[in-house]
Amino acid sequence: MKNESFIAFEAMMKESPYSKFDSGYDGIIPECRTCRFNRPFWKDQSCVFEKCPYSVCELSTLRKNEEA
């Protein structure tokens, strides 16, 4: 199985420098809006990956359960 970071960078390298993507919804950080892996309407996480493959530090994309 491929490393998640490798999959993300491989997909990014296949894109044209002129291809633009904007989901229209912010994620955990502002840059999520332009990421093809951003899933703003998923219930449990805001990305295809559990940890952001583009972040320098380990950044979880899991949503905290807000039910009390």
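The hydrophobic cluster of V56 has no other members, since no ILVMFWY side-chain heavy atom comes under 4.5 Å of it. I28 belongs to a hydrophobic cluster with I29, L59, counting contacts under 4.5 Å between side-chain heavy atoms of Ile, Leu, Val, Met, Phe, Trp and Tyr, direct or through other members.
How far NZ of K43 is from CZ of R63: 11.5 Å, rounded to the nearest 0.5 Å. Distance check: N38 CG to R33 CZ gives 9.5 Å after rounding to the nearest 0.5 Å. Taken to the nearest 0.5 Å, the CZ atom of R39 stands 10.5 Å off from the OG atom of S46.
Here the shortest heavy-atom pairing between C47 and W42 reads O-CZ3, 3.4 Å. Heavy-atom minimum distance, K51 versus T61: N-OG1, 4.2 Å.
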